[in-house]
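Structure first, commentary second.
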Amino acid sequence: GLQLISHPFAESPTKVQLVGGAHRCEGRVEVEHNGQWGTVCDDGWDRRDVAVVCRELNCGAVIQTPRGASYQPPASEEQRVLIQGVGCNGTEDTLAQCELNYDVFDCSHEEDAGAQCENPDSDLFIPEAVRLVDGPGHCQGRVEVLHQSQWSTVCKAGWNLQVSKVVCRQLGCGRALLTHGSCNKSTQGKGPIWMGKMSCSGQEANLRSCLLSRLENNCTHGEDTWMECEDPFELKLVGGDTPCSGRLEVLHKGSWGSVCDDNWGEKEDQVVCKQLGCGKSLLPSPKTRKIYGPGAGRIWLDDVNCSGKEQSLEFCRHRLWGYHDCTHKEDVEVICTGTSY
């Protein structure tokens, strides 16, 4: 067997950490000596040794003793193997209290020890998915996040405008309107409450790109977050022979309305045709010639200004929704080459 000898610096507690795992309670075992972090050889490494590491790091129970080399990226060549063998009886509070053999010989990083403990922060997870429920559509409602096929409500304290912007984008909805209201009695959730706090810039494509931290105080369902995004931006061409020609109508707040032709031109036409999957714009729609007749109801947009690169008309500049100095005689008409069907 391996003879374990004590070493002067074994008496002073060395720091220990786990590197490369999915959370702080699993990974390749590293110990600190003189300001340098090194690895541990897995000679004689067993569940009793891992139990001590789990305890020292305030993690949960031992799950297993994985190979340290299985965690990416592996230890660099410059990093030393500091300990040849560890002999814990499993009841110690720290690795430094175990018998440690510092006479390292013939041990490569292939033999690095690993540890996997239960993660006490497991109620803290990056959401796999997000949804808004109990609202009038999928773009408004109580926020819920998914983890391992279970949905949890979200505490208002960990929520803000930037996070809401990301959620609206992730759900394919329009802009964030109400960002962190509280649910009332009838819309509160039941079941688990997620204790996470996301830090987003607001530009991310989904929540997985935001940073996650932990909320200090526990929450109740009275603090469940409610948020509202605009409905997804939709448009259509009406009155033509095909869905690819006609008077332009856009959907806003649940009702369809027309677009005023002030400042409207070829670039705006192209964005509409592209968005509808209708190929290119066929001819400029001159103000003089209106084929499809005036619309009725709201005039939603005016002074629309596109660069032509936009994927959707909603990303073009325009006046505030419903603000215009137009009549339905100025409703935009668009004729595209392609067919969307």
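Sequence positions, counted from 1, serve as the residue numbers for this chain.
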Atom pair [atom1] ([X]) and [atom2] ([Y]), whose distance is rounded to the nearest 0.5 Å:
| X | Y | atom1 | atom2 | answer |
| --- | --- | --- | --- | --- |
| D224 | S182 | CG | OG | 8.5 Å |
| R55 | L95 | CZ | CG | 11.5 Å |
| E310 | E268 | CD | CD | 8.5 Å |
| R298 | S255 | CZ | OG | 6.5 Å |
| D112 | W45 | CG | CH2 | 11.0 Å |
| W264 | D269 | CH2 | CG | 6.5 Å |

Could you go through the side-chain contact (heavy atoms from CB on, under 4.5 Å) check for H147 and Q150 one step at a time? CA-CA 5 Å; H147 180 61; Q150 185 172 48; 6.0 Å; no

Do you know the tightest heavy-atom contact between [X] and [Y]?
| X | Y | value |
| --- | --- | --- |
| L313 | C306 | CD1-SG, 3.8 Å |
| Y71 | E26 | OH-OE1, 2.8 Å |
| I63 | R47 | O-NH1, 3.1 Å |
| C316 | H318 | O-CD2, 3.3 Å |
| Q311 | K274 | NE2-NZ, 4.3 Å |
| V167 | W159 | CG2-CZ2, 3.6 Å |

Residues E111, D43; criterion side-chain contact (heavy atoms from CB on, under 4.5 Å); working and verdict: CA-CA 8 Å; E111 299 169 74; D43 286 2; 4.0 Å; yes

Are [X] and [Y] in one and the same hydrophobic cluster, where Ile, Leu, Val, Met, Phe, Trp and Tyr link if side-chain heavy atoms are under 4.5 Å apart?
| X | Y | value |
| --- | --- | --- |
| W151 | L132 | no |
| Y102 | V53 | yes |
| L177 | V143 | no |
| V81 | V31 | no |
| V104 | V40 | no |

Hey, is [atom1] on [X] packed in by over 12 heavy atoms from elsewhere, all under 6.0 Å?
| X | atom1 | value |
| --- | --- | --- |
| D241 | CG | no |
| Q72 | CD | yes |
| E110 | CD | no |
| Q36 | CD | no |

In the structure I gave you, are the side-chain heavy atoms of [X] and [Y] within less than 4.5 Å of one another anywhere?
| X | Y | value |
| --- | --- | --- |
| V250 | V259 | yes |
| V130 | Q170 | yes |
| R247 | V332 | no |
| L212 | C210 | no |

If only atom types and distance count, is the side chain of [X] paired as donor or acceptor with the main-chain N or O of [Y] below 3.5 Å?
| X | Y | result |
| --- | --- | --- |
| H109 | S76 | yes |
| E56 | V52 | no |
| Q140 | G137 | no |

Return yes when the gap between the SG atoms of [X] and [Y] is under 2.5 Å; return no otherwise.
| X | Y | answer |
| --- | --- | --- |
| C336 | C273 | yes |
| C54 | C25 | no |
| C168 | C173 | no |

Is it true that [Y] and [X] share a donor-acceptor pair across their side chains at a distance under 3.5 Å?
| X | Y | answer |
| --- | --- | --- |
| Q275 | S312 | yes |
| W194 | T153 | no |
| T337 | K280 | no |

Listing, residues 227-237 side-chain donor-acceptor contacts under 3.5 Å, not counting sequence neighbours, or none:
unit_1	atom_1	unit_2	atom_2	d
E228	OE2	W226	NE1	3.0
E230	OE2	R175	NH2	3.3

Pick from L100, D42, N101, D106: which one makes a side chain to side chain contact (heavy atoms under 4.5 Å, CB included) with Q84?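 Considering L100, D42, N101, D106, a side chain to side chain contact (heavy atoms under 4.5 Å, CB included) with Q84 is found only for N101.
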
Stepwise, does the salt bridge (Lys or Arg N to Asp or Glu O under 4.0 Å) test hold for R131 with E144? CA-CA 5 Å; R131 68 181 182 185; E144 293 190 347; 2.6 Å; yes

Please state whether the rings of W321 and H252 are parallel, tilted or perpendicular, taking 30° and 60° as the class boundaries. parallel

Carefully, step by step, assess Q79 and E30 under the rule side-chain contact (heavy atoms from CB on, under 4.5 Å). CA-CA 10 Å; Q79 204 175 13; E30 293 192 352; 3.0 Å; yes

Would Y292 and I335 count as a side-chain contact (heavy atoms from CB on, under 4.5 Å) here? Give the steps. CA-CA 11 Å; Y292 304 107; I335 302 172; 3.8 Å; yes

Mind checking who shares a hydrophobic cluster with V238, ILVMFWY linked at side-chain heavy-atom distances under 4.5 Å? none

Trace of the side chain to side chain donor-acceptor pair (under 3.5 Å) decision for Q17 with E32: CA-CA 9 Å; Q17 65 182 7; E32 190 188 28; over 6 Å; no

Residues in disulfide (SG to SG under 2.5 Å) contact with C183, at least two apart in sequence or another chain: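 Expected list: none.
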
Passes disulfide (SG to SG under 2.5 Å), C59 versus C117? Steps please. CA-CA 6 Å; C59 295; C117 322; 4.7 Å; no

